[in-house]
Each structure stands twice: as C-alpha cells, then as structure tokens.
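The chains referred to below are lettered A, B, ... by the order of the sequence lines, with proteins before strands, and numbering in each begins at 1. The structure presented is a predicted model; accordingly, all values stated were derived computationally and were not measured.
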Protein chains: 2
Amino acid sequence: MSEIGSRRRATVHDVARAAGVSLATVDRVLNGRAGVRAATAEKVEAAMLAIGFQRDLSASLLARGRDLQVVFLLPDRSNEFMESLAQAVERRARSAAGERLDLHLRRLRPLDAQALARELDALHPGACDCAVIVGSETPSVLRAVESAQRRGIAVVTLVSDLPGSARRHFIGIDNRAAGRTAASLLGRFCPTGAVAVIAGSLSLRDHQDRLEGFGAVMAAEFPRLELLGPVEGYDEPQQTRSLVEELLARNAGLAGIYNLGAGNAGLVAALTASSPAGAVRVIAHELTPSTRAGLASGCIDVVLDQNPDNEIRQALRAARQSALGGSAKIATDPIEIAVFLRDNLR
Amino acid sequence: MSEIGSRRRATVHDVARAAGVSLATVDRVLNGRAGVRAATAEKVEAAMLAIGFQRDLSASLLARGRDLQVVFLLPDRSNEFMESLAQAVERRARSAAGERLDLHLRRLRPLDAQALARELDALHPGACDCAVIVGSETPSVLRAVESAQRRGIAVVTLVSDLPGSARRHFIGIDNRAAGRTAASLLGRFCPTGAVAVIAGSLSLRDHQDRLEGFGAVMAAEFPRLELLGPVEGYDEPQQTRSLVEELLARNAGLAGIYNLGAGNAGLVAALTASSPAGAVRVIAHELTPSTRAGLASGCIDVVLDQNPDNEIRQALRAARQSALGGSAKIATDPIEIAVFLRDNLR
DNA sequence: CGTGTTTTGAGGTACGTGCCTCATGAGCAA
DNA sequence: TTGCTCATGAGGCACGTACCTCAAAACACG
C-alpha cells in the first residue's frame with residue numbers, strides 16, 4: 001500500500017476469470033441468490049480471497065438504484081439525551097442523502113413496550129431495511145424484534161441492549177465500565193464521607209449495569225466511603241430534584257453524588273439552590289444543556305457521555321453492513337465512554 | 001424525512017431542466033470547469049439549491065474511475081503514539097479499498113523538517129490528491145506546504161497544526177483544553193503539595209499549548225498547589241525516566257505529575273521502581289502500551305487521549321471533501337479529548 | 001456588417017455492480 | 001432412451017456522474 005500509482009482494483013470480472021465461472025455465477029454467490037452448488041460457491045469465494053476482491057460500494061449502491069431505508073424508533077418527550085439523539089439523526093439525515101441513505105425518525109411514548117412493538121410490526125420489508133430502536137426488555141418487544149428480523153428487517157438496538165433478543169447488533173457504551181469509571185473518579189475526589197447514588201429506574205438494563213459497576217469498584221477500592229441509596233428518580237427532573245434536596249438536607253457530611261440516570265435538570269436545580277458550589281462532588285451522565293450548565297457553574301464535576309452523533313454513525317454503519325454483507329457478522333467501532341469536565345467541553 | 005417511501009432523488013438532469021440549461025453546462029458548473037458565464041453559473045447554483053440537489057457520491061466516485069490518492073507522512077521510530085497512528089492508517093487502508101480510497105504511508109525521520117519538505121515537494125498531482133502530515137512549524141515546511149497546495153495537492157495537518165501555513169485543514173485535539181483538563185483533574189486529586197510538569201520539547205506547538213492550558217487553570221483554581229518545572233524529556237523514555245527519578249528523589253512531598261509529552265515508557269518505569277503505587281497522582285497523554293500498563297498497575301491515574309482511528313477517519317473525510325467539494329470549506333467532526341482511567345479502558 | 005472568440009447544447013462512452021431474460025449444459029429418474 | 005430439474009453461461013440494460021467531441025449559438029469588436 002506504500003507505492004503510489006497502484007494497479008487496478010479487482011472487479012467481479014476478475015473474480016469470474018479467476019474462479020473459472022461466469023459473471024452470473026459470481027453475482028449469485030456475491031448476493032446470496034439461490035441456484036449455485038456448494039462446491040461452485042466455495043470455488044468463487046476462494047477466488048475472491050485469492051485476488052483480494054472487495055466489492056465496490058459506490059457501484060453497488062448505484063446499481064441498487066434505491067436508497068437504504070433506515071427507521072429510527074426513539075422515545076418521545078423523554079429526556080434531554082433522547083432529544084439530542086433525535087437531533088443527531090436529523091443532522092445526519094441531511095448529509096446522508098449523498099450516501100444513498102434515507103433516514104426516518106419516529107418518536108414513541110417512552111417506556112411504552114406495546115407501542116414500540118406495534119411500530120415494529122407495522123414496518124414492512126421493501127419500505128424498511130433496518131430499524132434502530134431504544135427499547136426495554138419486555139416480551140412484546142422481544143417478539144416484535146424477532147418477527148421483524150424474520151421478515152428481513154435488520155434490528156439494531158441503541159443505547160440499551162436486548163441481549164436475549166433476535167436483534168442483529170447493539171450500539172452503545174459498556175455501562176458496567178461507565179459505573180466503574182464513576183466510582184473510580186468519585187473515590188479519588190472524596191477523601192472521606194458518604195456517597196449517594198441516584199438511578200432512573202432499576203428496571204432499565206443500562207441503569208442496572210451502571211449501578212453494578214459503581215458498587216463493585218466502590219467496595220473494592222474505596223471501602224472508607226459510605227454508600228447511600230440507590231434511590232430512583234424515574235428520569236424526571238421534579239422527582240430527581242426532591243431526592244437530591246432530601247439527600248442534602250439529611251446528610252450534612254455528604255461528599256459525593258452519582259446520578260446514573262437522567263433527570264439532570266432537577267439535579268442541577270437542587271444543587272444550585274441549596275449548597276455552595278463545589279461542596280459536593282457530583283458525577284452525572286450524558287452531555288445535555290442541563291449537565292453542560294452544571295459543569296460550567298461548577299456544581300457538576302464530571303459528566304460521562306456517549307456521543308450521540310457517533311452512535312448514529314455507527315448504527316448506520318451497522319445498517320449498511322446488514323444490507324450489503326449478507327449474514328456476515330457486523331463490525332462497528334465500540335462507543336467510547338467520554339469523560340467531560342468543565343475544561344474539555346466540546 | 002419522516003415519511004417512508006420517499007420520492008426520487010434529484011439528479012443532474014433535474015438541475016439542468018430546472019435551470020433551463022443543458023447537462024453539459026451543469027456539469028461544468030458542478031466540477032468548476034471553465035467556459036461558463038457568471039450569470040449562467042449562478043442560475044445553475046440557484047436551481048441546485050431550489051430542488052435540493054445533492055451530488056451522488058457513489059456515482060461520482062464510480063464515474064471518476066480512479067481512487068483518491070492520499071499520502072500520509074508520519075514520523076518514524078518516534079514514539080508509541082505515532083506508531084499507533086501508523087497502525088490506524090494501515091487498518092484503514094484495508095477497508096478503504098471499497099470506498100475508492102488509496103492510502104499510502106511514508107515514515108520520515110522525526111523532527112526533520114528538511115526531509116518532510118523534500119517529500120512534500122516530491123509529490124506530484126495526478127499521483128497524489130491529498131497529503132496528511134505531522135510536522136513542525138519551520139520555514140522549509142511552510143514553504144513546501146504552500147507549494148503543494150499551489151500544485152493542487154490538498155495538505156491536511158494532523159495532531160500538530162501549522163496555523164500560519166497554506167494547509168487546507170487541521171485534524172487534532174484542542175491542546176490548550178487538554179492542558180486545562182489535566183489541571184482540573186490533578187487539582188481535584190491532590191489536596192496539597194507540589195505538582196510537576198514534564199514536557200517533550202517546548203518548541204513543539206502542541207506541547208506548548210498544553211502547558212499554557214495547564215498553567216492557567218492551576219493558577220486560577222488551585223493556587224494552593226506548588227508548580228515544579230516544566231522540564232523537557234525530549235519524548236525519549238530514557239531521559240524522561242531520569243527526570244522522573246530525580247523529581248521523586250528531590251521532592252518528598254510530591255503530590256502529582258503531569259507528563260504532557262511522550263516518553264511514557266520511562267515515566268512508568270521510574271514510577272514502578274521507586275515509589276509505592278498510588279502515592280503520586282499521575283496524568284499522561286495518549287493511550288499506548290506503556291500508558292495502558294501504567295493505568296492497569298495503578299501508577300498512572302488518568303490518560304488523556306486522541307483516538308488515532310478517529311483522527312485518520314476525519315483526515316480522510318477532509319481529503320474527500322477537498323477532492324470533491326472544490327473550494328468549499330471542509331467540515332469534520334472535532335476530535336474529542338478522551339479521558340481514560342483504569343476502568344474505562346477500551 | 002463580417003470575423004473571431006466564447007459560451008452553450010447534444011450526445012456519446014465509461015465506471016462496477018445489480019438484476020433480468022434466455023439458452024444450454026449437466027445430472028437424474030423412469 | 002425420454003423427460004425433467006437444476007446449475008451455469010451469455011449478454012444486456014440500468015443506476016448517476018465524469019469527461020470527451022463536435023457543432024451550433026451567442027457575443028465582442030472593429
């Protein structure tokens with residue numbers, strides 16, 4: 001790859017010649033069409049490997065003549081993070097036009113498994129190649145996912161996985177690692193005292209995972225710190241605010257707070273109102289207007305974030321691969337756990 | 001974008017019809033060829049805007065029939081980070097084949113401005129569309145960059161910018177923000193004592209920037225901490241090791257170290273040998289085998305990183321845009337300052 | 001007005017793949 | 001053998017853009 005002015009790239013014609021078969025047969029193998037003997041298919045695949053054939057995506061998409069239809073099913077009126085995910089989809093939809101991607105966004109009632117299942121069932125192949133969903137782990141959703149997959153619609157889970165389901169791929173952070181990271185930082189920040197944990201709902205898998213990671217590192221590395229909670233704020237600003245105010249009132253020596261759920265507007269409001277900035281070390285999740293303000297004012301120390309734009313980009317990569325690559329396993333970059341302080345805000 | 005089964009996308013034919021000109025004229029405008037009156041060009045551009053035309057990248061690349069030639073000029077035998085950048089290029093080179101990108105990697109003697117200038121001068125358009133370089137801010141390099149740009153070769157700076165030059169675009173982190181972040185963390189980690197700064201070379205712009213950011217936050221927010229240094233280790237493990245050993249020996253109460261340069265193998269060696277793990281809070285740059293080991297063993301607390309794969313990806317985006325987009329300004333995602341602890345190692 | 005130059009139009013081929021039809025071959029069972 | 005199915009080959013058109021040639025039209029200038 002170092003020499004400049006390299007030779008011509010291998011095409012399907014070259015594969016056909018190398019395998020000693022016709023173009024039609026190569027095409028059938030390449031696109032998983034029926035009517036090819038196993039022995040012949042192997043011969044073709046060997047030839048592709050031998051001459052290093054790589055399908056030209058540009059030509060492939062062009063020849064297909066039709067754009068990849070990707071439907072995003074995201075919670076509506078939920079929380080700021082879901083809003084920024086939706087915005088990332090819209091941003092991407094504009095530039096995606098040049099890459100033969102057609103993005104569609106549907107917002108659904110948060111935590112309404114029935115609604116999600118209904119939307120999934122309503123998708124029909126031909127009008128939708130891939131569905132990207134944020135959903136909870138309920139029987140109706142699992143069934144709808146399997147049904148969609150069987151109809152030829154690739155399902156990608158976003159942010160919160162459905163490990164037992166038929167979903168094709170998952171895009172999101174390692175939430176256990178996120179919890180560990182929060183503990184590791186909060187432990188170093190707080191010399192002594194008590195640390196409180198606030199969750200959205202422990203029935204959400206990502207929240208559960210974060211809690212586990214946090215607890216493990218706290219127990220192992222910072223046994224000197226007392227753990228309070230977890231308490232649940234159901235990702236609502238009002239409830240979260242009450243919880244935080246109560247925590248601050250009842251625990252004079254509170255050293256740190258880890259909010260592993262959403263509802264950060266309430267967290268910031270309570271902190272701003274009732275305590276001198278900087279008295280309590282605070283770690284929260286997802287960079288949103290609220291947490292950004294919290295970082296700027298100093299009442300939040302660290303925000304752990306999953307970059308929405310990157311998540312959407314990776315989801316689209318997965319969608320493309322599932323459409324082009326047949327049944328090969330999908331490869332996407334892992335989503336990093338971004339750590340933000342006031343000083344490296346993007 | 002929400003409705004499924006959307007209408008056909010606009011093509012050059014539609015633009016021609018809408019503008020009331022021929023296909024040839026649209027083509028001339030689109031590809032910046034001569035022989036079009038200003039008034040006509042404006043008419044065409046207005047039509048493109050009106051019907052929302054977006055050039056089909058797939059078809060465009062296919063029709064061009066030739067791959068985009070991108071040459072990376074990176075320092076050789078330099079440090080682990082440059083090595084991982086090079087590996088990212090090679091990784092990407094494999095998958096880039098399907099996207100009509102042809103990547104070439106040249107390694108040069110580190111900090112040898114003459115060599116870099118010579119390589120740039122040797123590139124000739126037609127065999128190279130875009131050069132991605134990591135270079136220092138010297139007259140010979142600046143001149144070579146300008147010359148390359150004039151010959152029609154887009155120059156993209158990577159990691160370390162050349163702000164005064166004719167370079168087309170810069171890909172890298174905000175190093176001042178990185179320095180601020182280091183100070184913000186180290187300040188929270190260290191209740192009291194002295195904090196030492198180690199640089200590679202203060203003649204490197206990125207190191208200078210980090211130092212400035214670090215010093216600013218330290219002075220403003222943590223005046224209780226005494227600052228030692230900066231000392232220069234010239235990014236070499238041996239020299240860096242000696243510096244650290246000396247620091248540890250002379251300052252019994254040393255609370256923290258910020259190594260804003262490379263040479264981390266020496267840092268880890270010195271820390272492992274002479275001090276009980278965890279006694280000194282340490283922040284370093286770039287996730288490499290050395291810093292990874294340091295995080296795992298506990299002798300490094302935090303690593304600030306710029307993701308090489310992402311940087312290469314963005315550099316290629318810039319290359320593509322400079323090749324296709326004419327003189328429009330290049331848009332890439334900013335490179336985030338990644339923060340790694342033992343617990344969120346990827 | 002004519003002459004020369006510039007701008008525009010018309011139409012073609014090419015890129016590599018997807019997908020279609022039709023013909024022919026091989027293989028098998030009765 | 002005949003009749004059938006299945007595997008494969010041959011070839012063509014399409015996708016949207018790039019780039020080429022040649023001719024026609026519009027314009028500038030004396």
Side-chain angles (χ1 to χ4, degrees), chain A residues 7-17 19-44 47-48 51-68 97-102 126 129 320 323-326, chain B residues 7-17 19-44 47-48 51-68 97-102 126 129 320 323-326:
Chain A
R7 74 212 170 288
R8 199 179 54 85
R9 152 157 322 132
T11 75
V12 279
H13 297 269
D14 302 319
V15 174
R17 207 174 316 116
V21 301
S22 77
L23 217 58
T25 300
V26 173
D27 182 66
R28 284 188 264 259
V29 172
L30 205 50
N31 294 293
R33 274 185 273 277
V36 180
R37 236 178 330 194
T40 312
E42 277 171 32
K43 208 167 55 177
V44 172
M48 295 199 298
I51 66 175
F53 169 77
Q54 209 164 352
R55 179 186 343 217
D56 186 323
L57 241 178
S58 309
S60 171
L61 288 173
L62 177 58
R64 278 178 151 75
R66 116 193 200 301
D67 295 4
L68 208 60
E99 301 167 44
R100 301 214 147 268
L101 288 173
D102 226 354
D129 301 289
R320 264 235 285 242
L324 288 180
Chain B
R7 76 215 168 285
R8 199 178 55 84
R9 153 158 320 131
T11 74
V12 278
H13 297 269
D14 303 319
V15 175
R17 207 173 317 115
V21 301
S22 76
L23 216 58
T25 301
V26 173
D27 181 68
R28 285 188 262 258
V29 173
L30 206 50
N31 294 293
R33 274 185 272 278
V36 179
R37 235 178 330 197
T40 313
E42 275 171 33
K43 208 167 55 175
V44 172
M48 297 199 297
I51 66 176
F53 169 77
Q54 207 164 354
R55 177 182 353 212
D56 186 323
L57 239 179
S58 309
S60 171
L61 288 173
L62 177 59
R64 278 178 150 74
R66 115 191 201 302
D67 296 4
L68 209 60
E99 300 166 44
R100 301 214 146 267
L101 288 173
D102 226 355
D129 301 289
R320 265 234 284 242
L324 287 180

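Counting heavy atoms from C-beta outward, B/R55 and B/N31 have side chains that approach closer than 4.5 Å. At least one side-chain heavy atom of A/D14 sits less than 4.5 Å from a side-chain heavy atom of A/T11. Between A/L30 and A/F53, the closest side-chain pair of non-hydrogen atoms falls below 4.5 Å.
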Per-nucleotide protein contact string for nucleotides 10-17 of chain C, where B marks a base within reach and S marks sugar-phosphate only (heavy atoms under 4.0 Å, - for neither): B----BBB
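Residues satisfying the salt bridge (Lys or Arg N to Asp or Glu O under 4.0 Å) test with A/R33, not counting sequence neighbours, are A/D27.
Residue B/R37 places none of its side-chain N or O atoms closer than 4.0 Å to OP1 or OP2 of C/dT6.
Straight-line distance from the CD atom of B/E42 to the C1' atom of C/dT7: 16 Å, rounded to whole Å. For the pair B/M48 CE and D/dT17 P, the interatomic distance rounds to 11 Å; values are reported in whole Å.
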side-chain contact (heavy atoms from CB on, under 4.5 Å) evaluation trace for B/R28 with B/V44: CA-CA 10 Å; B/R28 285 188 262 258; B/V44 172; over 6 Å; no
